[in-house]
Every structure is written in C-alpha cells, then in structure tokens.
Amino acid sequence: MSNQNQAAKAAAPRTAITPTRAENFPEWYQEVVKAADMAENSPVRGCMVIKPYGYALWENIQKALDDLIKVEEVQNAYFPLLIPLSFISREAEHVDGFAKECAVVTHHRLEADADGKLVPAPDAKLEEPFVIRPTSETIIGDSMSKWVKSYRDLPLKLNQWCNVMRWEMRTRLFLRTSEFLWQEGHNAFETADQAEADARKMLEVYNDMYVNHMAIPGIMGEKTADERFPGALRTYTIEAMMQDGKALQACTSHNLGQNFAHSCGIKFQGRDGNEHFAHTTSWGLSTRSIGGLIMTHGDDDGLMMPPRLAPQQVIILPIIKGEDTGGVMAFAETLQKQLKAIGVRVQIDKSENRAPDKMWAAIKRGVPIRVEIGEREVAEGKLTHTRRDLGRDSKTTCTEGEFLGSVKGILDAIHTNMFEAAKARMLSRIYTTNTLAEVKAAFTDGRDLGYARMPVELLNDADYQAFKKENSLSSRCLPFEDEGRMVLIGKSY
RNA sequence: CGGGGCGUAGCGCAGUCUGGUAGCGCAACUGCUUUGGGAGCAGUGGGUCGAGGGUUCAAAUCCUUUCGCCCCGACCA
C-alpha cells in the first residue's frame with residue numbers, strides 16, 4: 001500500500017457497515033441486521049426468518065422478561081392461534097382497530113382442481129371463519145369468563161409467549177413484520193383501582209427490562225386518545241428514541257376497564273353477593289424490541305449487544321501462526337471453562353479465518369468483549385481484551401487471573417456506558433416548547449430531529465394539526481413526569 | 001394502497017437508450033506465501049439476465065402482462 005493510500009485510510013477509516021448511519025439510516029439498519037446475521041426475509045411476504053444469532057438474543061430477552069413477569073405472580077399459559085371471527089367482533093372498537101389487518105382462515109382442506117393445482121376445497125368451507133390472532137384479548141377473555149366465578153378467583157394473571165399476525169402494508173425486519181413474536185399478558189381484577197395500578201405496574205416492569213437489560217432509555221407516559229389501543233380505557237407506553245431521532249413505541253400496557261369483561265362475559269360474584277364485571281389489563285413486548293436495540297446501540301461498524309442479553313458476552317480469538325505449537329487453543333479452552341464457571345457466556349472462534357476476519361465478524365455481531373490470545377501471551381499467562389463499545393483504544397493486556405477477576409465488572413461497565421450514552425443522546429434531542437411557533441422551529445430549523453415537548457392544549461389547535469400532518473408527526477405520549485400538562489410529539493416507526 | 005426506484009453468478013453492479021457469443025468487483029474453491037486492526041500472487045468453478053406472452057434471422061436489450069424487493073407517504077406494535 002502506498003503512503004498516499006495509507007494517509008487516505010487514516011483520514012476516513014473504513015467502516016464495517018456501508019452506508020453509515022449519517023448517510024442513510026434505513027439502509028444502514030438493514031445492513032446491520034444482515035452483517036450481524038440476525039434475520040432475513042423469507043419467501044413469505046412480510047414474514048421474516050430469525051436466524052440463530054437473532055433468535056438467541058430473543059431467547060435471552062424472553063428469559064429476562066419472563067423472570068420479571070413471574071415476580072408479579074403472573075402464570076404462563078397458551079391459547080389458540082385461531083380465533084373465531086365472532087370473538088373478534090365482540091368488542092366494537094376492537095373490531096374497528098384490527099379488522100383491516102386480519103388474516104382469515106376460511107377452509108379446512110385442500111384438493112386438486114381440474115388443472116391438478118391444489119386449491120381450498122369448495123365443500124370444505126368453514127361455517128365460521130377463523131382469524132389468525134392479531135392479539136388474544138377475546139379468546140383469553142372467553143377462558144377467563146369460565147374460570148372466574150367469585151372474587152376469590154381474582155386477581156387472575158395470565159401471560160403467553162406466542163406469535164401473532166397483523167397484515168402489514170410495509171414491513172421491515174424486526175420493526176414491522178406481518179408475523180411477529182411477543183408476550184401478551186392478560187390480567188383480571190376485582191376493582192378499577194387494581195386494574196389501573198396493574199397497568200402502571202407492568203409498565204414499570206417493562207421499564208426495568210429496558211433499562212437494566214436492554215440498556216435502552218425511554219420516556220414512560222400515557223397515550224393520547226387517538227393513539228390508544230382499540231377498546232382500552234388508557235394505554236401506557238415507553239417511547240424510546242432511535243439514533244435518527246424517530247420514536248419507537250417500545251411496549252404497551254393497557255387498562256381495558258370493563259370493556260372486554262362486558263364483551264367476553266368475565267363476571268363474578270362479589271363480596272357484596274352481587275354480580276360484577278371484572279376489570280382487565282393487557283400488556284405486550286415484541287420482537288420489535290430487537291429493532292429498537294439495533295437502532296439504539298448500533299454504530300457504523302455494526303451491532304452492539306447489551307452485555308446482559310448478548311448471546312456471547314466474550315469471544316475468544318485464538319491467534320495462531322501456522323501450527324498451534326504454543327498451546328494457544330489449549331489456553332483458550334481453559335479460559336473458556338473458567339469463564340463459564342463464573343457464569344459468563346463465552347465462545348471460542350475456532351474457524352480457520354485470519355485474525356482480522358475473526359475480529360471484524362465479532363465486531364459486526366456486537367460481542368461486548370473480544371479476547372485475543374497469541375503464542376507470546378500464552379507463554380506469559382496473559383491475554384489481550386477489547387471492549388466493543390469503546391473500540392480499539394480500550395485494548396488492554398493483563399494476566400488471565402486479572403481478567404477473570406474483572407470481566408464481570410467490565411460487562412457491567414459496558415452496560416452502564418451504553419445506557420448512559422443512549423440516554424444522553426435522547427435527552428439532548430427533546431426540545432421543550434411553549435408555543436406553536438417554537439414547535440415549528442424545533443422541527444424545521446435544522447436542529448437534530450427528535451421530540452418536541454409541548455403543552456397539551458396545542459393538540460387541538462387547527463394550525464398544529466395541519467403542521468403535524470405535513471411533517472408526519474404523531475403524539476408519542478403524555479410523559480408521567482409532566483402530569484398530563486405536556487405531550488411529546490415526533491416522527492415514529 | 002398512492003408516488004418514486006430496482007430485479008443480470010452467493011453479494012454489489014456494468015451492459016438496456018442504439019438488438020448481434022454473458023461481463024466486472026468482492027465472496028467461494030485450489031496452491032504457495034502471509035497471519036496481534038479488513039493480506040499478496042497464480043489458477044478454478046459458478047448465470048435458462050425475476051416470471052409469462054409478443055416482435056425479430058437474432059432479445060438482458062424493443063412491446064405487453066405479471067410477480068417480488070427497496071425508499072417516501074397513508075395505516076399500524
């Protein structure tokens with residue numbers, strides 16, 4: 001390489017992902033998903049294939065969240081994928097909300113037509129079509145109506161991990177797919193206060209999940225009426241901000257009041273001997289959170305996994321020249337065993353790739369800590385480790401013993417650093433405004449796009465509504481900390 | 001579902017306007033040299049040009065129908 005080329009390379013270091021975030025954020029996102037080997041499009045329109053590395057992340061999300069949910073004394077169960085059409089029809093608002101995006105099962109058998117092509121058999125048409133669940137309020141409500149007889153049966157707290165389907169016009173891996181994975185919790189209570197407290201409580205659980213596991217900051221608040229779940233009294237949300245300033249609804253928790261109890265017949269004999277309808281809640285977090293994780297933490301070299309959810313927290317890269325005469329692999333395997341013994345998820349890259357290729361593969365997949373072991377180091381009982389979040393400047397050489405003693409602390413430090421960086425980024429892009437003129441300025445004067453925090457009264461201003469439409473803004477939430485006086489608005493995913 | 005763009009080797013693209021033997025880069029494979037921040041040389045394999053129909057002696061190229069993908073909007077988690 002010429003000196004000139006070297007100089008050019010130094011001036012503009014090559015990034016593992018092209019385009020960069022600044023050049024084209026949506027394209028960057030897709031490239032990261034591909035480079036990290038998370039998922040790909042499937043032959044089925046709008047549905048994705050989640051690859052092993054992406055699914056491993058989802059499994060870790062499930063484990064962490066499932067534990068948090070069970071602390072709240074929620075029980076897991078499973079309900080059918082197919083929901084009778086009449087069930088969906090029970091709640092008027094609910095129908096309006098989901099009818100447009102339901103996939104419908106109308107036949108129960110295939111047969112060959114005149115041309116020998118398989119078609120749904122005309123005489124196998126179902127009396128009543130089934131809807132592939134877009135969400136399960138109605139079918140779980142049906143079970144609840146049978147299980148709840150007395151106030152002594154309450155509260156009843158159920159959760160299921162499953163797939164759901166919503167026919168989407170425009171899909172993007174993880175962020176919006178026609179089929180996605182999630183958990184949906186459905187709780188039933190004796191009183192309105194209990195249901196309200198529960199909806200808020202489950203939002204706190206999600207916040208715990210986002211802050212302490214995903215390292216993603218968000219603004220907790222209530223949805224405005226136009227953004228509410230169809231059939232809910234109140235919808236609570238955590239709005240996270242992606243690196244392009246757009247909002248991502250990270251999860252939702254709904255107080256459904258007695259709406260679904262009425263339509264599903266969830267009633268019980270109360271302490272007063274009279275019949276009452278239960279008060280229900282529902283709450284969900286989906287594979288969409290993985291999209292949020294990528295767009296919160298990724299950089300121009302690819303994904304950055306938050307350490308507590310990373311499928312591999314440490315990757316060991318043996319650097320072997322020719323034959324492994326120096327015992328490099330043996331040293332790596334011993335280290336792996338010791339790390340596993342203290343509860344660290346660790347993998348050795350045993351591929352025959354060259355050292356730089358192994359390294360870049362680990363960077364693109366966002367493994368929090370890379371450990372390089374060469375022959376010289378084996379002789380000295382040392383190793384070199386590098387943090388994904390800080391990059392090559394964090395390269396440190398220490399003894400094996402020192403590393404074993406510090407690795408957990410390093411993982412915690414990475415988590416904290418990632419969270420604080422994301423939080424600082426988010427807070428610096430929320431503009432507090434008092435007038436419509438300020439709102440307009442916030443979105444048009446060249447500042448980094450983010451959210452405007454404005455007085456709720458402006459929502460009804462015709463001039464604001466026109467501006468909102470022109471700029472494809474939406475109300476993200478009424479932040480709890482503003483006690484209903486302010487609303488966050490922004491563009492969203 | 002509206003507006004725009006694109007479908008050619010695993011990936012990224014040229015070739016299309018002006019019809020005439022299917023190309024380039026990367027990746028893959030083989031060999032040798034390399035190996036602690038993206039290696040070098042030599043060689044090899046791989047494509048019914050998204051699909052159907054039409055025009056023509058001849059179609060990746062022209063006409064037509066259709067499917068899919070991406071971006072922006074509307075809708076939504």
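By convention in this document, chain letters (A, B, ...) are assigned in the order of the sequence lines, proteins followed by strands, and residues within each chain are numbered from 1. None of the values given here were measured: they were computed from a predicted structure.
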Exercise. B:C75 C1' sits how many Å from A:Asp96 CG, rounded?
Worked result: 14 Å
For this session: Identify whether any heavy atom of A:Thr252 sits under 4.0 Å from a base atom; if not, whether one sits that close to sugar-phosphate; answer base, sugar-phosphate or nothing.
Result: nothing
For this session: If a protein heavy atom is under 4.0 Å from the base, mark B; if only from the sugar-phosphate, S; if neither, -; do that for nucleotides 67-73 of chain B going 5' to 3'.
Result: --SSSBB
For this session: Mark yes or no for whether A:Gln347, through its side chain, and A:Gln312, through its backbone, hold a donor-acceptor pair below 3.5 Å.
Result: no
Exercise. With both distances kept under 3.5 Å, what pairs with B:C1, Watson-Crick or G-U wobble?
Worked result: B:G73
Problem set entry | Base paired to B:G36 (Watson-Crick or G-U; both N/O distances under 3.5 angstrom) | none
For this session: Would you confirm whether A:His94, through its side chain, and A:Thr138, through its main-chain N or O, come within 3.5 Å as a donor-acceptor pair?
Result: no
Exercise. Ion pair present between A:Asp393 and A:Arg387, side-chain N to carboxylate O less than 4.0 angstrom?
Worked result: no
Problem set entry | Test item: A:Glu93 side-chain N/O and A:Gly231 main-chain N/O as donor-acceptor pair under 3.5 Å | yes
Could you list the donor-acceptor pairs under 3.5 angstrom formed by side chains in residues 30-40 of chain A, with sequence neighbours left out?
{"unit_1": "A:Asp37", "atom_1": "OD1", "unit_2": "A:Lys51", "atom_2": "NZ", "d": "2.8"}

Problem set entry | Side chain of A:Met359 (C-beta onward), nearest among B:G36, B:C75, B:G37 | B:G37
For this session: With heavy atoms under 4.0 Å as the rule, sort A:Ser178 into base, sugar-phosphate or nothing.
Result: nothing
Would you mind writing out the side-chain donor-acceptor pairs for residues 467-475 of chain A within the sub-3.5 Å range, not counting sequence neighbours?
{"unit_1": "A:Asn471", "atom_1": "ND2", "unit_2": "A:Phe467", "atom_2": "O", "d": "2.8"}
{"unit_1": "A:Ser474", "atom_1": "OG", "unit_2": "A:Arg476", "atom_2": "NH1", "d": "2.6"}

Exercise. Which pairs with one or both residues in residues 363-400 of chain A pass ring pair (Phe, Tyr, Trp, His ring centres under 6.0 Å), sequence neighbours excluded?
Worked result: A:His385-A:Phe403
Problem set entry | B:C26 versus B:C71 - spacing of their P atoms, nearest Å | 28 Å
Exercise. Does B:G23 have a Watson-Crick or wobble partner in any strand here, with both distances under 3.5 angstrom, and which is it?
Worked result: B:C13
Exercise. Which value, in whole Å, describes the distance between the P atoms of nucleotides B:U65 and B:A74?
Worked result: 30 Å
Exercise. Which is true for A:Gln249 with a 4.0 Å heavy-atom rule: it touches a base, it touches only sugar-phosphate, or it touches nothing?
Worked result: sugar-phosphate
Seminar exercise, completed: In 5'-to-3' order, the base (B), backbone-only (S) or no-contact (-) status of each nucleotide in nucleotides 3-13 of chain B, using a 4.0 angstrom heavy-atom cut-off, is -----------
For this session: Write down the partner of B:U56 under the Watson-Crick or G-U wobble criteria, each distance required to be under 3.5 Å.
Result: none
Exercise. Which of the following nucleotides, B:U35, B:C75, B:G37, is nearest to the side chain of A:Ile319?
Worked result: B:U35
Exercise. Which value, rounded to the nearest 0.5 Å, describes the distance between A:Ile88 atom CD1 and A:Ser136 atom OG?
Worked result: 8.5 Å
For this session: Check every strand shown and say whether A:Ala250 touches a base, only sugar-phosphate, or nothing at a heavy-atom separation below 4.0 Å.
Result: nothing
Problem set entry | Spacing of the P atoms in B:C69 and B:U64 (rounded, Å) | 24 Å
For this session: Could you measure between the two P atoms, the one in B:G19 and the one in B:G40, and give it in whole Å?
Result: 41 Å
Exercise. Of all the choices, B:G36, B:C75, B:G37, which nucleotide is nearest to the side chain of A:Arg392 once you look at every atom?
Worked result: B:G37
For this session: Under 4.0 Å between any heavy atoms, over every strand shown, what does A:Lys223 touch: base, sugar-phosphate, or nothing? Just pick one.
Result: nothing
Problem set entry | Centroid distance under 5.5 Å and plane angle under 30°, A:Trp360 vs B:G37 | no
For this session: Considering only atom P, compute the distance from B:G2 to B:C62 and round it to an integer number of Å.
Result: 25 Å
Exercise. On a plain distance test, is the side chain of A:Arg370 in donor-acceptor contact with the base of B:G36 below 3.5 Å?
Worked result: no
For this session: Give a yes or no answer on whether the side chain of A:Arg21 reaches the backbone of A:Pro26 with a donor-acceptor pair at less than 3.5 Å.
Result: no
For this session: Identify whether any heavy atom of A:Leu175 sits under 4.0 Å from a base atom; if not, whether one sits that close to sugar-phosphate; answer base, sugar-phosphate or nothing.
Result: base
Exercise. Looking at residues at least two apart in the chain, or sitting in another chain, which of them share a side-chain contact (heavy atoms from CB on, under 4.5 Å) with A:Pro230?
Worked result: A:Phe98
